[in-house]
Amino acid sequence: MKKLFTLLLSLCAFSASASVEERMLQDFESYQVGDAVDMWNIYNSDISTSSAIVAADPKDASNKVLHIKSRSWNTLVALHDLGITAADLTGEGRFLVFDLYRPSSDGAYKQLMIYCGDKRVYIDGSFVSQCPPERWTTKCYQLDASTGESGTLCLGFNSTDAEYYIDNVRIVDVADFGYDRSDAENSIRHYAEQCGKNIGIAVATGDANFFSAMNDDSKVITQTVSSQFNMIVAGNEMKFDAMEPEQGNFKFETADKLVAFAEQHQMKVRGHTLVWHSQLPGWLGAGSEGASNNNNYTRDELLKIMENHITTIVSHYKGRVHEWDVVNECVSDNSTQTLRNSIWQKVIGESFIDSAFVYARRADPDAKLYINDYSVEFAGNNKADRYYNLVKKLVARGVPIDGVGLQAHLYQGSVDSAKLDRNMKRYAELGLNCIITELDISLPTSQFGSQTAYEKQAADYRKIVNVTLNNANSPSLLIWGSSDAYSWIPGSTNYTRGEPLLFDTYFCAKPAYYAVRDAYSARATTMALEEVLNAVPSESLYVDVYNILGQPVRLHMHRSQIYSLPQGTYIIDGKVMNIR
Ligand code: XIL
C-alpha cells in the first residue's frame, strides 16, 4: 500500500446498504528498507534482543513491510505519531486490521497483545494461530475501549521465538453490517423459532477471542451470535483433548462458559463430541486415524476410559446440554470398509458405538443422542448409504440413538435437494431425527470476491434450509463458524477453498445470510388467537404450554386461558404456534 492516512469509502460487495470505511495508519512505504522501527517492552527496557526492521515483502519486492523478530517476552512494535487516540480505535463497528505473514522459520505464535499508549486494548490469552506459513493473511480485531490518549499503537506477539511480518495497519469502520443486531423480530433466530426450528452456530476460541468477548455486549461477534442464533456448539472446546487433557483430570472451565452464555441468551447447546478418532489427548497414545495402540490398552481398559469420559462429561452437563454428538466420524472413507480404523474400533470393535450411546443415555436420559459424520448428506452416494446401513443396524440392535448428524461441509454447486430430502425421510422411517450439524458451503479461491459466486452460494444455503423445513425430523441446523475469517475450510483444503459462511471478515451479511433468513421467514406463520384455538383439538380442555426451548410456560392450562398468553411462540398441544 502506497499512501498514508487515506480515507476510502467503499461499498461493501454484499449489500446495497452495508458500507465499509478504511483508514490507513501505517503501510511502511515512507520508510527505507533497513530502517529500524521502535520497540517497547511492557515491563522493562529489555528490547535489545528483539528487532523490527523495514524489509521487502517476501511475496512482492516492490512493497515495504515490517519484519519483526521477538526474542524477549512482552516486547511489542511501537508505531508512533499515527494521529489517533484510543477513542479512534474503538466504537460501534470499528476494527483494527493488519496483514500478517509468517515465514516457515517462525516458532509458534503466543499471545497477541495490542496497546494504545500504555493501556492494553487487546489480549488474546490463548492465541490460536490462524496465519498459515508463507502467506499474507488479514487479521481483524475489535479492541477494548480505553481512555488512553496516545498516538502510539503497540502491537505484537508475546513470545521469545516469534518471527513475523506485518503491513497495512489500518482502522476499518463498518457503518452498516447489512442486518440489525438489535432488531430481534427480523433475525434468522426469530423466524427459525417461528418455524419451530433451531438455528445454530459453532464458535471457537480463536474466533474474535470469543471466550473472552462473550460477556461483552459491545462486541460484534457476541451480538451476532446471540441475536441471530438460538443454538450454539463449541468448535473445539468440548472435544476429548480439551475436556480430559490428562487422564481423569477434566477441564470444564471453557465449556462451562459456553453453556452459561447459551443460558443467558436462551440458546440451546449441542455437545460436540464424545468419541472420535481425532483431537484426542496425548496420554491416550493414538490421536489419529490408523494410529496404533501405543499404550497397549486392553479392550476392557479402553472401554473404561470411554465410559469414564462420557459419564463424567454428560453428567456434568445433565439437563443443560440439549444434545450430544456421541460418536463422530466412525464411518470409513474407504468404500470397501464400514468403520474407520480408529483406536476405538481397533481395540474395542464395532460395539464401541453401542457402548458409547449406552453410557451417554445412562448419564442423561433426556439428552438427545446423535451419531455424526461427513460426506453422508446425499442418499445414493456411497458413504451416505454405508452410514445409513450402519445406523439401521444400530437401531435394529436397540442402541439408544435419537438422531443422525450430517456435517455438510459442502462445495458450492454440490447441493442436491432431492437426495438430501430422501436421506432425511429414510431416517424418519427409522424413527430418527436427521439434522445438519456443521454446514459450510465453500468457494474456490478463484471465486473469492465474486458477487455471482456469493449469490450461487446463497441459493445453495436456501435449498438446504428448505429441505430441513420440509422434514419434521430435522429440528436443527448448525453453521460451522461465525465469519469467513474464522472458517476451518482454508486450512483444511490447503488454502484452495474458503469464504463458506454467512458473514464476511467484518461480520457483514453475505447473500447467504439473507437467503437463510428469507427461507425461514417465508415459512414462519403467525396466528391470531382464534386460529390457535382452532388448532387445539376441542377435546383438549386443558393444555400444556411450553416455550420454544421446551420449557414449561403453563402446565394444565384451561383452553379459555390461552387468551391470556402474551404474544410469542409456544408449543401448545405438541404444535408450534405463534401468537400475534
Ligand atoms: C474442526 C475445527 O473447526 C478446527 O478448528 C479444528 O482445527 C479441526 O476440527 N468435523 C468435525 C469438527 O466434526 O469437529 C471439525 O472441526 C470439522 C470436521
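Excluded from the calculations below are hydrogen atoms, water molecules and symmetry mates; all remaining heavy atoms, backbone and side chain alike, are included. As the structure lists them, so they are numbered: ligands from 1, and atoms in each ligand from 1.
Residue nearest to atom 8 (C) of ligand 1, selected from E329, Q279, E438: Q279 (by heavy-atom distance). Across K239, M238, H272, heavy-atom proximity to atom 1 (C) of ligand 1 is greatest for K239. With distances taken over non-hydrogen atoms, the option nearest atom 3 (O) of ligand 1 out of W276, Y486, W480 is W480.
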What donor-acceptor contacts under 3.5 angstrom involve side-chain atoms of residues 430-443, with partners at least two apart or in another chain?
| from | atom 1 | to | atom 2 | distance (Å) |
| --- | --- | --- | --- | --- |
| N433 | ND2 | Y370 | OH | 3.2 |
| T437 | OG1 | N372 | OD1 | 2.7 |
| T437 | OG1 | L406 | O | 3.3 |
| E438 | OE1 | H409 | NE2 | 2.7 |
| E438 | OE2 | N372 | ND2 | 3.2 |
| D440 | OD1 | H409 | ND1 | 2.9 |
| D440 | OD2 | H409 | ND1 | 3.1 |
| D440 | OD2 | W488 | NE1 | 3.1 |
| S442 | OG | R497 | NE | 2.8 |

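At least one N/O-N/O distance between N328 and ligand 1 falls below 3.5 Å.
The aromatic ring centres of Y454 and Y514 sit 6.0 Å or more apart.
Residue-environment remark: NZ (K425) exceeds the threshold of 12 foreign heavy atoms within 6.0 Å.
Counted by atom type alone, Q407 and N328 present one or more donor-acceptor pairs between their side chains at under 3.5 Å.
Here the closest heavy-atom approach between residue E377 and residue A384 is recorded as N-CB, 4.4 Å.
Atom numbering of ligand 1 starts at 1 in the shown order; those under 4.0 Å from a heavy atom of Q407 are 10 (N), 11 (C), 13 (O), 18 (C).
Among all non-hydrogen protein atoms, the one lying nearest atom 6 (C) of ligand 1 is N236 OD1, 3.4 Å.
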